[in-house]
Amino acid sequence: MTYDSVLNCVGSTPLVRLQRCFPLPDVEVLAKLEMLNPCGSMKDRPARHIVEQGVREGTLRPGMRIVESTSGNLGVALAVTARMHSLSFTAVVDPNTSPTNLRLLELFGADIDMVTEQDSAGGYLHTRVDRARGHAEAAPDVVWINQYANERNWRAYYETVGVEILREVDGPIDYLVGPVSTTGSLHGTARRLREVHPELKTVAVDAVGSVIFGTPPSKRRIPGFGASRVPEIFNEVEIDEVFHIADAASAAGCRRLAETEGILAGGSSGAVISAMGDFLNWVGGPARVVALLPDRGERYLDSVYDDSWVDQVKSDDDAPTDVAAAP
């Protein structure tokens with residue numbers, strides 16, 4: 001099939017049975033490989049959906065600028081989407097943004113606005129959000145995407161990932177497991193699946209140090225996983241179980257997935273694999289589990305796949321220090 005734009009290649013990612021990683025006779029684990037989207041992550045979906053809805057409505061027009069606070073994946077997807085629609089894009093980032101993601105943003109034409117002042121929580125997210133808001137308030141032709149509050153975030157997954165899973169899976173789906181940050185992917189997918197499978201249980205995988213579920217903030221090192229603020233689109237009553245996974249355990253999950261299935265996935269995907277080890281211990285079979293794996297692993301070669309990085313994380317976490325703030 002021939003497409004007119006790389007944006008038309010977003011979606012229709014495969015489901016892979018993780019039978020080597022989780023060789024359980026009565027439990028089937030199906031992984032949605034979102035890293036196979038053209039820009040490398042599931043963030044391609046909301047980037048395309050939000051921008052193209054704006055273009056259709058006329059709130060986004062060629063020559064205008066979009067702005068967003070981003071740690072990497074959404075920024076890369078927005079940069080590509082903006083270019084395809086003759087828009088400019090400003091990515092508001094912070095010192096924790098990886099050099100790889102910064103280079104990708106630059107290659108795809110994004111303007112980089114680096115905040116350096118920490119917020120009241122000791123991280124940068126609130127500062128980034130305030131800076132993005134300021135860009136939009138300062139000029140009438142600048143639109144802030146605001147992924148944490150934008151209802152089109154979760155709607156993008158409702159209309160794409162949920163539909164794809166229902167089309168590809170024959171029979172019941174008992175559990176949906178996915179990592180959270182804005183919570184859009186997990187909420188949107190679950191809402192669509194529940195229309196057909198009302199007994200579906202939704203399992204959130206959050207980072208140790210994230211405040212989404214009311215736990216204390218601490219240092220987090222994996223970009224796009226967890227958050228230092230509660231997203232406006234988050235609805236806790238729709239979540240049935242929560243697992244908090246530390247950075248070192250996320251790295252171990254990444255390596256387990258690579259060793260057993262040959263899938264090189266990103267840090268939050270490793271967290272899902274790590275959480276699944278505990279989760280499946282109390283899941284009674286027969287059961288079918290669908291897991292969302294958000295992004296590819298090449299962008300994490302100098303972190304979760306680097307032995308020295310993992311050793312440093314373990315050393316830092318074992319050290320008796322005061323609670324550090326999340327980035």
Side-chain angles (χ1 to χ4, degrees), residues 9-25 27-45 71-74 76-77 98 100-101 104 157 160-162 164-165 167-169 173 175-181 185-186 189 203-207 221-226 243 245-281 283 287-307 309-310 313:
C9 303
V10 173
S12 298
T13 55
L15 274 173
V16 172
R17 185 175 293 106
L18 302 184
Q19 57 190 356
R20 299 167 188 84
C21 193
F22 302 108
L24 303 172
V27 179
E28 181 182 47
V29 178
L30 302 174
K32 186 73 164 156
L33 302 189
E34 286 294 282
M35 71 280 291
L36 296 181
N37 279 300
C39 296
S41 83
M42 65 176 12
K43 296 293 188 177
D44 289 17
R45 297 178 186 266
S71 58
N73 284 333
L74 181 63
V76 172
S98 72
T100 298
N101 283 335
L104 287 170
Y157 299 100
T160 61
V161 179
E164 291 169 20
I165 292 172
R167 182 175 63 237
E168 295 158 3
V169 177
I173 301 173
Y175 299 94
L176 175 69
V177 183
V180 291
S181 180
S185 59
L186 192 60
T189 306
V203 180
V205 179
D206 198 8
R221 306 167 185 85
I222 296 177
F225 179 41
F243 289 85
I245 304 298
D247 294 332
S250 298
C254 285
R255 293 162 184 242
R256 176 178 176 180
L257 186 63
E259 291 165 2
T260 58
E261 301 286 355
I263 297 172
L264 193 72
S268 61
S269 298
V272 170
I273 298 302
S274 180
M276 199 84 70
D278 295 327
F279 166 66
L280 294 179
N281 284 335
V283 170
R288 177 178 287 128
V289 181
V290 172
L292 302 177
L293 303 186
D295 64 352
R296 61 180 59 156
E298 288 89 346
R299 297 171 191 177
Y300 301 82
L301 291 177
D302 58 354
S303 56
V304 298
Y305 292 102
D306 182 80
D307 290 344
W309 184 91
V310 175
V313 166

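Because the structure is a prediction, the values reported are computed rather than measured.
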For this session: Please examine the side chains of T189 and I165, heavy atoms only from C-beta on, and report whether any two atoms are closer than 4.5 Å.
Result: yes

Problem set entry | From CG (L33) to CZ (R296), nearest 0.5 Å | 11.5 Å

Problem set entry | Validation row: L30, E28 side chains within 4.5 angstrom (heavy atoms) | yes

Exercise. Given side chains that start at C-beta, do those of F225 and S181 come closer than 4.5 Å, heavy atoms only?
Worked result: no

For this session: Applying side chain to side chain contact (heavy atoms under 4.5 Å, CB included), run through Y157 and M42 and close with a yes or a no.
Result: CA-CA 9 Å; Y157 299 100; M42 65 176 12; 3.9 Å; yes

Problem set entry | Euclidean distance, R255 CZ relative to L264 CG, rounded to 0.5 Å | 10.5 Å

Problem set entry | From CA spacing to verdict: side chain to side chain contact (heavy atoms under 4.5 Å, CB included), V203, L176 | CA-CA 6 Å; V203 180; L176 175 69; over 6 Å; no

Problem set entry | Salt bridge R45-E34, side-chain N to carboxylate O under 4.0 Å | yes

Exercise. Are V76 and D44 close enough that some pair of their side-chain heavy atoms sits under 4.5 Å apart?
Worked result: no

Exercise. Quick one: OG1 on T100 to CD on E298, what's the gap to the nearest 0.5 Å?
Worked result: 10.5 Å

Seminar exercise, completed: Shortest non-hydrogen pair, V205 vs A271, comes out as CG1-O, 3.7 Å

For this session: Determine the minimum heavy-atom distance between C21 and T260, stating which atoms define it.
Result: CB-OG1, 3.3 Å

For this session: Might you point out which heavy atoms bring G267 and D295 nearest each other, and give the distance in Å?
Result: N-OD1, 4.3 Å

For this session: Could you please spell out the steps behind the side chain to side chain contact (heavy atoms under 4.5 Å, CB included) verdict for V290 and V177?
Result: CA-CA 6 Å; V290 172; V177 183; over 6 Å; no

Exercise. Are L24 and L280 side-chain neighbours, meaning at least one heavy-atom pair lies under 4.5 Å?
Worked result: yes

Exercise. Within the distance-only criterion (no hydrogens, no angle test), does the side chain of S71 pair as donor or acceptor with the backbone N or O of G224 below 3.5 angstrom?
Worked result: yes

Exercise. Nearest heavy-atom pair of I222 and S250: which atoms, and what distance?
Worked result: CD1-CB, 3.5 Å

For this session: Using modelled atom types only, decide if a donor and an acceptor are shared between the side chain of K32 and the backbone of T13 within a distance under 3.5 Å.
Result: yes

For this session: Identify the two heavy atoms, one from D206 and one from G226, that lie closest to each other, and give their separation to 0.1 Å.
Result: OD1-CA, 3.3 Å

Exercise. Of all heavy-atom pairs between P294 and S269, which one has the smallest distance, and what is that distance?
Worked result: CD-OG, 3.0 Å

Exercise. Are L293 and V272 close enough that some pair of their side-chain heavy atoms sits under 4.5 Å apart?
Worked result: yes

Problem set entry | Straight-line distance of E168 CD to L15 CG, nearest 0.5 Å | 4.5 Å

For this session: Applying side chain to side chain contact (heavy atoms under 4.5 Å, CB included), run through V310 and V304 and close with a yes or a no.
Result: CA-CA 6 Å; V310 175; V304 298; 5.7 Å; no

For this session: To the nearest 0.5 Å, tell me how far L36 CG sits from C9 SG.
Result: 12.5 Å

For this session: Answer whether the closest heavy-atom distance between the side chains of F243 and M276 falls below 4.5 Å.
Result: no

Exercise. For Y300, which of S98, P223, C254 qualifies under side chain to side chain contact (heavy atoms under 4.5 Å, CB included)?
Worked result: P223

Problem set entry | Presence of salt bridge, E261 and R256, under 4.0 angstrom | no

For this session: Check whether any side-chain heavy atom of R221 sits under 4.5 Å from a side-chain heavy atom of W309, and report yes or no.
Result: yes

Exercise. Hey, what do you get for CG (N73) to CZ (R299), rounding to the nearest 0.5 Å?
Worked result: 5.0 Å

